[in-house]
Amino acid sequence: MAVVLRGMRVLPPSFYRQPDTMQLARQLLGKVLEVVEPGTGLVTRGRITETEAYVGFDDPACHAHAGRRSPRNEMMYAAGGVAYIYRCYGIHNLLNVVTHASGEPHAVLLRAAEPLEGLQAMFERRGIAFDLPSAGDRVLPKRLTCGPGSLTKAFGLELKDNGADLGGPRIAILDDGTPVPERIATGPRVGISGAGPAAMAKDWRFWPEGTRWVSRYVP
DNA sequence: CACTCGATTAACT
DNA sequence: GTTAATCGAGTGA
């Protein structure tokens, strides 16, 4: 029987343990990312709108390329269904969904989301003045949650959340019935020029065609 | 040990 | 368009 949280279905471990990480990166579009603040119970939610696939040993852009393993990327080797959070450029925490089986270090980087709930907390965490009390979604600034570093900041995620189970209680990914987008645009992954031209030639970044909630690198 | 370089962002010119 | 911020990992002495 499926686990249901606040009317939305919690994605089961079997969802994350599929071997096709590119397909999983597509299926995550439209799902709801939920983060609950310990203590206060404050809920922040957003709809996932941009993902990137990193596919293990043979992917030069993947942290686990050629079997690389360190305290930082250890969580990539876990069975799918947990968070891999690491610090990038010494400043930003980036959130990945670990996929595939234990020992197969695949992951999907979450790069952008559409804010749904906990808007005031998102503004505060991002250091943006919340003076649009009754403004609709149309005027919410993109920089609230677009870009992988901005997303984790808006949701209040820290390095200590590395390894969190994506079935909750701290982090959960939910299916609220929104279908996977019919038209999905693709493009090269961002910031991986160091991994070489072969990696840059792969269109392993995904977003729903036409959405506003994408990072700056969408054409 | 001493470097270099990122799965980035915001604040500059 | 350019650059500083800031730190762990990877590389080479």
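Note that this is a predicted model, so its numbers are computed, not measured. Keep in mind that the numbers below use all heavy atoms, side chains included, and drop hydrogens, waters and symmetry copies. Numbers restart at 1 for each chain; the letters A, B, ... are given by sequence-line order, proteins then strands.
- Across all strands shown, dT6(C) remains unpaired; no Watson-Crick or G-U wobble contact has both distances below 3.5 Å.
- Contact annotation for L94(A): backbone-only contact, meaning every heavy-atom pair under 4.0 Å involves sugar-phosphate atoms and none involves a base.
- Checking dG10(C), dA5(C), dA7(B) against the side-chain heavy atoms of Y54(A) singles out dA7(B) as nearest.
- At dT11(C), one or more side-chain N or O atoms of R68(A) fall inside 4.0 Å of OP1 or OP2 (strictly under the cut-off).
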Quiz prompt | Worked verdict on I192(A) versus Y54(A) for side-chain contact (heavy atoms from CB on, under 4.5 Å) | solution = CA-CA 11 Å; I192(A) 58 156; Y54(A) 289 87; 3.8 Å; yes
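- For the atom pair OG1 (T44(A)) and CD (Q120(A)), the distance works out to 11.5 Å, reported to the nearest 0.5 Å.
- Mapping G149(A) and G194(A) onto DNA chain B by nearest heavy atom places G194(A) at the nucleotide closer to the 5' end.
- At the phosphate of dC7(C), neither OP1 nor OP2 sits under 4.0 Å from any side-chain N or O atom of R72(A).
- Across the protein-nucleic acid pair, I192(A) atom CD1 and dT8(B) atom P stand 10 Å apart, rounded to whole Å.
- Y89(A) places its OH atom 14 Å from the C1' atom of dA9(C), with the value rounded to the nearest Å.
- Under the 4.5 Å side-chain heavy-atom criterion for Ile, Leu, Val, Met, Phe, Trp and Tyr, F155(A) and L95(A) are members of the same hydrophobic cluster.
- Listed pair H63(A) / dA7(B) meets the phosphate criterion, a side-chain N or O lying under 4.0 Å from OP1 or OP2.
- An OP1 or OP2 oxygen of dT8(B) is reached within less than 4.0 angstrom by no side-chain nitrogen or oxygen of R87(A).
- Comparing atom distances between the N96(A) side chain and each of dA9(C), dA7(B), dT9(B) picks out dA7(B) as nearest.
- A straight line from CG of L159(A) to P of dA9(C) spans 10 Å, rounded to a whole angstrom.
- We find that CE of M76(A) is positioned 15 Å from C1' of dA9(C), with the value rounded to whole Å.
- Between the CZ atom of R143(A) and the P atom of dT8(B) there is a distance of 19 Å, rounded to whole Å.
- Distance CZ (R216(A)) to C1' (dG1(C)): 12 Å, rounded to an integer number of Å.
- We find that CD of E50(A) is positioned 10 Å from P of dT8(B), with the value rounded to whole Å.
- R126(A) comes within 4.0 angstrom of the backbone, heavy atoms only, and of no base.
- Within the 3.5 Å criterion, the main-chain N or O of Y84(A) finds a donor-acceptor partner in the side chain of N96(A).
- Hydrophobic clustering (ILVMFWY, side-chain heavy atoms < 4.5 Å, transitive): V35(A) and L166(A) are in one cluster.
- No engagement by S215(A) is indicated, since no non-hydrogen atom pair under 4.0 Å with the nucleic acid exists.
- Across the protein-nucleic acid pair, L95(A) atom CG and dT8(B) atom P stand 14 Å apart, rounded to whole Å.
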